[in-house]
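One structure is given here, and the rest of the page talks about it.
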Amino acid sequence: MNKKIETSKTVEKGEAQMLSVVNRRLFLRSAGVATAMGAFILGACKDDDPVMQGDATVDLGSGDTGVLNYAYALEQLEAAFYTQLIASPYSGMSDIEKTILTDIRDHEIIHREFFKTALGNAAIQDLEVNFSSIDFSNRASVLGAAKLFEDTGVQAYNGAGKLIKNADYLLLAGKIVSVEARHAAVIRDLLNPKTTDFAGDDIIDANGFDKAVAPGDILAAVKGYVKTTIMGSNVGK
Amino acid sequence: MDIFKLIDDFQKVDGDAVGRLEYATRRQFMNRLGGKIATVAAPMAFASIVNKAFAQSAAAVDVLNYALTLEYLEDEFYKAGLGSSGLIPASDRAIFTQIGKHESAHVAFLTTALGSAAIAKPNFDFQYKGAFADVFTNYNTFATVSSALEDTGVRAYKGQAGTLIADPQILEYALQVHSVEARHAAVTRRLVASLTGNTAMKGWITNNEGAVPAIYAGEDNKMQGGVDLTGLSGKSNAAITEAFDEPLTKEAVLAIAGPFLA
């Protein structure tokens with residue numbers, strides 16, 4: 001894949017924004033806090049530093065690179081969710097559930113690392129997630145969030161397909177979206193076993209079609225789960 | 001199924017097909033999430049494209065009717081299963097009723113698009129020339145064939161995606177059906193795992209494991225986008241193969257589906 005596209009622009013924009021925030025804080029806050037912020041600036045200036053993204057903005061970029069970064073962003077979100085879920089299991093998690101959720105965690109990490117590797121220098125920075133609305137000790141809360149993430153993932157890939165110009169990338173998206181759909185069905189079956197919910201009328205229309213949702217709508221839907229501001233207005237363009 | 005190839009063929013006989021389709025349907029498709037207008041309008045818009053192709057190419061009709069044949073296959077399979085007294089336990093009927101409903105909807109979509117040119121329903125041999133002789137009397141066999149059909153459907157759709165890259169709205173249709181097939185596949189695979197006590201069988205496909213080798217050939221691929229994923233993030237090869245579903249060529253799908261035709 002092309003490792004040059006958009007990278008430098010994205011990084012520069014992110015750093016400029018961060019520095020602007022930091023400078024504002026330096027003026028507003030005490031000397032003691034400013035010292036801590038000094039360390040922040042040094043950290044943020046390293047291109048490969050994925051940690052300090054407090055209220056940073058990332059631009060997914062344009063064209064196919066934008067679509068791939070869009071997928072990478074969603075996979076980052078999913079991988080972080082399942083990693084936390086397995087690290088702090090909800091009370092009463094059965095062995096079967098643990099096996100399933102660990103599998104899904106691994107798939108999402110593999111997806112994330114695949115995109116990171118494939119995008120190379122064009123990859124967006126690591127996103128900072130915000131799962132404060134999810135009660136990780138509560139099964140219904142966790143599986144409800146899992147269902148949302150998986151259904152959203154399916155709809156996102158379905159909606160992004162027609163934006164992809166390179167047939168190899170399109171096939172890659174196709175290879176992943178059906179796995180996300182398998183996840184969605186299994187999570188839904190855990191929530192409501194042996195019902196129609198795995199492919200319920202709430203998401204499948206009268207033609208027997210899953211939904212396809214545009215990047216802008218998907219990013220708005222997941223906004224509450226990401227501290228980093230994600231700009232995706234040029235994805236696929 | 002081969003709806004992708006079809007559209008490509010239509011393009012050859014009707015070079016303006018995609019342009020007119022986009023013109024006719026852009027707004028309805030964009031509003032798909034909004035309501036039923038899109039549901040009603042889509043097959044009609046599609047039909048106008050298909051009908052023009054009919055006038056020029058018998059080959060295009062053959063291909064489209066072949067796609068309909070495959071949709072009939074799935075639809076009839078579930079109708080026969082649901083109609084076989086004592087086959088599907090009450091506890092599992094909701095699952096197969098829902099899957100059958102979706103397959104019927106796919107058939108309806110295509111028959112509406114084809115109009116009077118739609119072929120009559122073929123006769124099927126669900127016993128697969130004897131290989132699945134007890135498919136409608138043995139629930140394990142029925143569920144296994146169901147999961148195999150769904151996994152095949154996922155691979156068949158995926159294998160044609162690239163062909164549709166110049167036909168964005170039809171591509172989107174295809175993707176929307178593709179992920180429904182994958183949902184079906186996951187839930188039926190878990191049913192089979194439970195019925196047969198095969199704990200290694202999951203909602204996702206591990207390596208190239210499966211009851212019918214041809215259906216799972218190549219699913220053990222670990223090279224994606226030119227990247228060898230072996231050892232990625234310390235994850236197992238099994239997990240890596242589960243994380244990506246692989247396509248099947250039309251020829252491979254035809255070879256698998258052929259024995260179902262009576």
Side-chain angles (χ1 to χ4, degrees), chain A residues 1 99-100 103-104 106-114 117-118 154-155 157-159 161-186 188-189 194-201 203-214 217, chain B residues 32-33 36 38-39 42-43 91-92 94-95 97-99 101-106 108-109 154 157-158 161-162 165 168-169 171-187 189-190 202-205 224-227 229 232-233 235-236 239-240 242-247:
Chain A
M1 295 189 188
T99 299
I100 288 170
D103 274 1
I104 298 178
D106 288 352
H107 301 163
E108 307 297 7
I109 288 174
I110 289 163
H111 292 163
R112 181 191 68 196
E113 294 306 306
F114 162 71
T117 304
V154 171
Q155 294 160 9
Y157 279 103
N158 281 351
K162 65 181 179 185
L163 303 175
I164 299 173
K165 294 174 182 64
N166 177 305
D168 293 335
Y169 298 166
L170 176 60
L171 178 58
L172 275 166
K175 290 180 177 199
I176 292 174
V177 64
S178 55
V179 174
E180 303 289 350
R182 290 174 190 271
H183 293 167
V186 171
R188 282 171 162 266
D189 195 54
K194 304 268 190 183
T195 68
T196 61
D197 203 44
F198 67 97
D201 294 346
I203 40 164
I204 311 299
D205 73 12
N207 278 329
F209 288 7
D210 225 316
K211 289 179 181 172
V213 180
D217 293 331
Chain B
R32 168 165 290 286
L33 288 174
K36 293 192 174 176
T39 303
S91 61
D92 296 351
I95 289 173
T97 302
Q98 186 75 350
I99 294 176
K101 184 173 88 172
H102 295 155
E103 307 302 357
S104 295
H106 298 158
F109 182 87
V154 174
Y157 272 97
K158 205 188 314 294
I165 200 158
Q169 292 304 337
L171 170 65
E172 189 160 288
Y173 275 162
L175 288 169
Q176 289 177 277
V177 176
H178 171 246
S179 59
V180 172
E181 298 269 351
R183 289 176 188 266
H184 295 171
V187 78
R189 289 176 62 86
R190 293 192 68 228
K202 304 166 177 179
W204 23 92
I205 300 167
Q224 301 295 348
V227 180
L229 302 186
L232 189 78
S233 298
K235 299 305 178 191
S236 67
I240 287 166
E242 290 168 357
F244 293 83
D245 279 341
E246 298 296 323

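Residue numbers begin at 1 in each chain, while the letters A, B, ... track the order of the sequences.
- The parts of A/I110 that come within reach of chain B are both its backbone and its side chain, each placing non-hydrogen atoms under 4.5 angstrom from that chain.
- Judged by distance alone, with hydrogens and angles left aside, the side-chain atoms of B/R189 form a donor-acceptor pair with the main-chain N or O of B/K202 at under 3.5 Å.
- In this structure, chain A has heavy atoms under 4.5 Å from both the backbone and the side chain of B/I95.
- Most heavy-atom pairs under 4.5 Å with chain A, from the set B/G162, B/S236, B/A186, B/G226: that is B/A186.
- Counting only distance, with no hydrogens or angles, the side chain of A/N158 and the backbone of A/K211 share a donor-acceptor pair below 3.5 Å.
- Contacts with chain B were tallied for A/A167, A/A181, A/S178; A/S178 has the most, counting heavy-atom pairs under 4.5 Å.
- Between chain B and the options A/D168, A/D201, A/I203, A/T195, heavy-atom pairs under 4.5 Å are most frequent for A/D201.
- Interface remark: B/H178 contributes side-chain atoms only to the contact with chain A (heavy atom separation under 4.5 Å).
- Neither the backbone nor the side chain of A/R112 comes within less than 4.5 Å of any heavy atom in chain B.
- Looking at B/S233, the atoms closer than 4.5 Å to chain A (heavy atoms on both sides) all sit in the side chain, from C-beta outward.
- For A/H183, the ring-ring contact (aromatic ring centres under 6.0 Å, His included) test picks out A/H107, B/W204, with sequence neighbours left out.
- When heavy atoms are compared at a cutoff of 4.5 Å, B/V154 approaches chain A solely by way of its side chain, counted from C-beta outward.
- When atom types are taken as modelled, the side chain of B/E242 and the backbone of B/I205 share no donor-acceptor pair closer than 3.5 angstrom.
- Among A/A199, A/G200, A/G159, the residue making the largest number of heavy-atom pairs under 4.5 Å with chain B is A/A199.
- With hydrogens and angles left out, the side-chain atoms of B/E246 and B/Q224 include a donor and acceptor closer than 3.5 Å.
- Here A/I176 is the residue among A/I176, A/V177, A/I164 with the most heavy-atom pairs under 4.5 Å with chain B.
- The greatest number of non-hydrogen atom pairs below 4.5 Å with chain B, out of A/V179, A/L163, A/N166, is found for A/V179.
- With hydrogens and angles left out, the side-chain atoms of B/Q98 and A/D197 include no donor and acceptor closer than 3.5 Å.
- A distance-only check finds no donor-acceptor pair linking the side chain of A/K162 to the backbone of B/E172 [under 3.5 Å].
- At least one side-chain heavy atom of A/F114 sits less than 4.5 Å from a side-chain heavy atom of A/L172.
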